[in-house]
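Below, read A as the first sequence line, B as the second, and so on, with proteins coming before strands; counting in each chain starts at 1. Quick caveat: nothing in here was measured; it's all calculated off a predicted structure.
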Protein chains: 2
Amino acid sequence: MFESAELGHRVDKATYAQEVPALREALLNAQFDLETSGKFPVIILIAGLDGAGKSATTSTLNEWMDPRYIRTHGTSEPSDEELERPHMWRFWRQLPPKGRIAIFDGSWYHWPVFERAAGRISNPVFDQALEEVHRFEQMLIDEGALILKFWMHLSKQAQRKRLKKLEGDPLTRWRVTRRDWDHFKLYDTFQEISERALRRTSTAASPWIQVEATDPRYQKLTVGRILLEQLRRRLDAPAPQPPVIQAPPTRPSFDGLNILRSLDLAQKIDKATYDRDLEKYQGRLNLLTRHKAFGDHNVIVVFEGMDAAGKGGSIRRITQAIDARLCSITPIAAPSEEERAQPYLWRFWRVLPRKGRLAIFDRSWYGRVLVERVEGFCSEADWMRAYGEINDFEEQIVRSKGIILKFFVSISQEEQLRRFQERQESAFKRFKITDEDWRNREKWPQYETAVCDMLDRTSTEIAPWTLVESEDKNFGRIKILRTLCERIEERL
Amino acid sequence: MFESAELGHRVDKATYAQEVPALREALLNAQFDLETSGKFPVIILIAGLDGAGKSATTSTLNEWMDPRYIRTHGTSEPSDEELERPHMWRFWRQLPPKGRIAIFDGSWYHWPVFERAAGRISNPVFDQALEEVHRFEQMLIDEGALILKFWMHLSKQAQRKRLKKLEGDPLTRWRVTRRDWDHFKLYDTFQEISERALRRTSTAASPWIQVEATDPRYQKLTVGRILLEQLRRRLDAPAPQPPVIQAPPTRPSFDGLNILRSLDLAQKIDKATYDRDLEKYQGRLNLLTRHKAFGDHNVIVVFEGMDAAGKGGSIRRITQAIDARLCSITPIAAPSEEERAQPYLWRFWRVLPRKGRLAIFDRSWYGRVLVERVEGFCSEADWMRAYGEINDFEEQIVRSKGIILKFFVSISQEEQLRRFQERQESAFKRFKITDEDWRNREKWPQYETAVCDMLDRTSTEIAPWTLVESEDKNFGRIKILRTLCERIEERL
């Protein structure tokens with residue numbers, strides 16, 4: 001696989017000096033067009049063995065282009081902030097917005113390749129990790145990113161020569177560490193593992209590009225030229241059409257039955273029981289947050305539901321019970337400008353809580369398959385792929401010891417009307433009802449279908465949905481608090 | 001995930017009787033349009049627990065439509081023919097051509113789900129298998145197939161009731177075996193495993209469709225209606241455009257160096273050495289094919305190369321050495337009508353050799369990334385994804401103990417001209433040279449690029465390419481025979 005990158009490609013000084021000025025100018029122009037059009041984000045991966053000129057190439061790209069619009073990310077040890085979140089959190093933080101370029105030296109390939117090389121993970125687990133990487137990249141591509149993956153290759157012989165030469169010169173000796181020679185001993189292992197990684201993740205939409213690293217001039221010019229070619233091609237192309245996909249199947253309804261309609265909304269509890277249970281569960285919840293093991297978990301609580309179903313009131317019953325420093329509420333409305341320049345999951349990744357914290361989402365990433373679907377804010381292909389992306393997202397949280405609770409708070413259409421009218425008539429509740437609420441109400445059947453599809457596709461063993469009958473608000477609140485206590489207890 | 005399929009959906013007799021005639025007519029019409037247009041193949045998976053009405057639904061579909069154009073495949077034990085090939089071979093044999101429908105009861109999900117349920121494979125290996133399934137289905141979709149995946153679901157309670165009822169009736173008692181009750185005991189395990197399988201393989205392009213199996217009328221009508229809806233949607237849609245993909249990067253050439261041009265074509269061997277080596281390696285090869293362990297492997301030898309590079313002569317030097325009953329040669333020209341109605345890899349899967357046999361391909365699946373790319377017979381997106389598909393294909397062969405040898409036979413452009421002229425002048429060689437050969441010759445640079453990309457992306461640890469310097473034919477022939485002997489010896 002690496003044969004083409006062992007041919008001894010070279011560029012002489014004169015050619016280099018002649019090529020660079022025009023290339024720089026063209027790259028700067030492309031970067032300017034990218035920045036001003038804000039069409040797509042550019043993600044450049046610079047991967048390969050140590051000593052294969054990764055950082056030199058990265059520096060050169062920064063030098064040739066306007067470094068204010070480029071962010072470069074190395075593979076430093078994760079910070080404690082990062083260690084308290086899913087592994088991919090750090091990369092989500094580093095994603096460039098539309099119009100910008102990010103260069104990753106190392107990137108999300110670093111961990112699996114090194115763990116496998118050290119023998120700490122087995123081949124199937126390695127494949128799992130690569131598959132996760134593959135799905136992550138596919139998501140970025142579907143969201144519009146241009147991903148360029150450069151693999152810097154040095155033959156074993158060239159690698160040895162390079163290390164020896166650096167070591168021989170007193171001025172560069174410090175650059176060769178014991179770790180470099182240790183890695184060199186693993187050359188063949190690395191080669192085999194890298195090949196597997198490249199094979200598994202080289203796709204039509206983002207193929208790996210191998211670059212011979214023996215001659216720095218050749219290496220830099222090659223990367224620069226390919227970058228320019230790919231930037232121009234995407235910049236000058238018309239906006240891509242959403243792909244044609246197989247239709248989401250409509251479940252025929254012969255009996256009008258669906259999971260929402262089958263809820264028993266008549267369930268009630270009396271005031272005395274409510275008061276007693278509220279105190280009981282709020283107390284239990286408070287104790288749980290002081291439990292020794294609570295600090296090992298990030299708790300994420302998602303609220304979705306029809307308008308006026310009682311999400312806000314339920315959320316307050318939770319926050320009352322918890323030290324405000326441990327708890328955050330994120331209300332989700334239309335995304336900000338900064339958020340629109342990123343993949344739709346980005347705004348949720350950025351506010352994932354640390355361990356020992358509880359984060360409440362008043363509406364959530366499920367907006368993609370609810371409001372965005374019903375209102376046509378994204379294409380069919382976009383929301384159809386979102387189910388899998390969301391399951392991947394939640395799986396990553398659970399794997400890093402997160403606890404996810406998802407509540408769908410449900411009322412009947414009649415009850416909603418009653419509450420809307422009440423809101424409109426009550427002075428201090430009027431701000432809670434807008435024209436949009438009335439418009440959404442007209443789309444009740446479409447929302448119902450979207451909710452049923454969402455429940456079918458995202459209520460998983462690891463992150464199940466809890467349906468909350470909220471026709472009687474107090475009944476719903478207690479069900480939520482009880483479920484919350486029970487799920488946390490299970491995991492502590 | 002299965003909540004919606006546990007609601008107790010029912011269709012009464014009268015509704016059923018009223019619905020069926022119109023549905024049948026519409027399905028027959030759609031099937032007729034499918035058959036006459038030959039637009040795409042339809043693959044229907046009927047999966048789920050035993051006793052969930054899979055075979056009854058399958059029979060009904062056959063009854064409602066024209067069964068002459070439907071093939072139904074169960075999950076019988078693999079035949080010895082099938083055991084001697086990669087696991088997926090049986091499914092490739094069963095793929096429907098364009099215009100036809102195939103129903104799979106069980107399908108490629110059967111093996112991973114059952115192995116995992118029995119605890120014979122670990123979770124990461126299970127994920128690997130699902131990932132393979134996912135890539136297989138994605139390839140079918142990219143090749144134009146409509147895949148409908150129905151998951152028949154029975155709640156645990158409904159399952160128990162059904163088995164009890166069948167057992168209680170003397171007329172149906174025979175249908176309940178010990179195996180059914182054994183499976184029932186694993187219900188929760190199956191549920192969990194199935195959920196994982198569904199989650200991993202439910203994509204925008206082919207989502208799983210869950211169908212409640214408690215009431216057969218509901219079940220059949222639901223499947224029928226969804227099938228009709230999806231058939232019509234695809235039949236009535238315009239042909240899909242190839243997806244817009246990131247451009248294949250052009251490797252800039254500053255020095256005119258590439259892997260083909262860097263071959264040392266001046267290598268020669270004298271007549272005496274050739275005669276001696278030919279006898280030596282042919283003898284060794286013959287002995288190898290009689291080796292006890294040879295019967296455990298399928299040997300696949302691929303020849304690619306420029307026109308007149310000497311593929312035919314090299315192939316004859318191999319076949320001379322082997323019992324003709326153990327050896328087959330498949331020359332690859334333009335695909336037949338039957339082959340064009342299938343995914344491009346189908347024609348190669350169908351002729352994979354049994355164990356203990358050697359199959360030679362004179363040109364091969366690499367045509368996809370060579371001639372089809374250069375001549376524009378398929379879209380850029382098609383050949384870009386082919387590298388990964390081909391690597392998957394070869395990986396499956398190697399995993400089932402196959403041995404793959406891939407020879408690229410190379411000559412210079414000048415030598416090709418000499419051989420073309422010689423062929424044209426020699427009466428008994430004139431049939432070997434056509435106008436097409438001259439036309440191909442004009443596209444030498446494009447072929448060269450395509451070959452270099454192919455070598456970079458498909459020369460893998462498990463199935464490496466061997467470049468054969470064939471300017472001196474005898475030198476090339478000996479290199480091929482020697483490599484063949486050595487690679488087989490390594491594996492025996």
Please report the shortest heavy-atom distance between [X] and [Y], naming the atom on each side.
X: Gln128(B); Y: Asp127(A); result: NE2-OD2, 2.5 Å
X: Ala381(A); Y: Ala204(B); result: O-CB, 4.2 Å
X: Leu7(B); Y: Leu257(A); result: O-CD2, 3.4 Å
X: Pro207(A); Y: Arg457(B); result: CB-NH1, 3.5 Å
X: Ser4(B); Y: Cys452(A); result: OG-O, 4.5 Å
X: Gln210(A); Y: Asp456(B); result: NE2-O, 3.9 Å

Closest-packed option against chain A by number of heavy-atom pairs under 4.5 Å, given Thr222(B), Thr15(B), Ile226(B):
Thr222(B)
Out of Tyr387(B), Trp208(B), Tyr218(B), which one racks up the most heavy-atom pairs below 4.5 Å with chain A?
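Heavy-atom pair counts peak at Tyr218(B).
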Identify which part of [X] has an atom lying under 4.5 Å from any heavy atom of chain B, answering side chain, backbone, both or neither.
X: Val11(A); answer: side chain
X: Arg225(A); answer: side chain
X: Leu221(A); answer: both

Does any donor atom in the side chain of Thr460(B) or Glu195(A) lie under 3.5 Å from an acceptor atom in the other side chain?
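No, no side-chain donor-acceptor pair sits under 3.5 Å.
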Apply side-chain contact (heavy atoms from CB on, under 4.5 Å) to the pair Thr203(A) and Arg385(B), showing each step before the final yes or no.
CA-CA 6 Å; Thr203(A) 59; Arg385(B) 70 179 155 82; over 6 Å; no
Between Arg200(A) and Glu131(B), is there a salt bridge with N-O shorter than 4.0 Å?
no
Highest number of heavy-atom pairs under 4.5 Å with chain B: which of Glu6(A), His134(A), Glu395(A), Glu19(A)?
Glu395(A)
Is any side-chain heavy atom of Arg199(A) closer than 4.5 Å to one of Ile462(B)?
yes
Against chain A, label Asn123(B) side chain, backbone, both or neither, depending on which of its atoms sit under 4.5 Å from a heavy atom there.
backbone
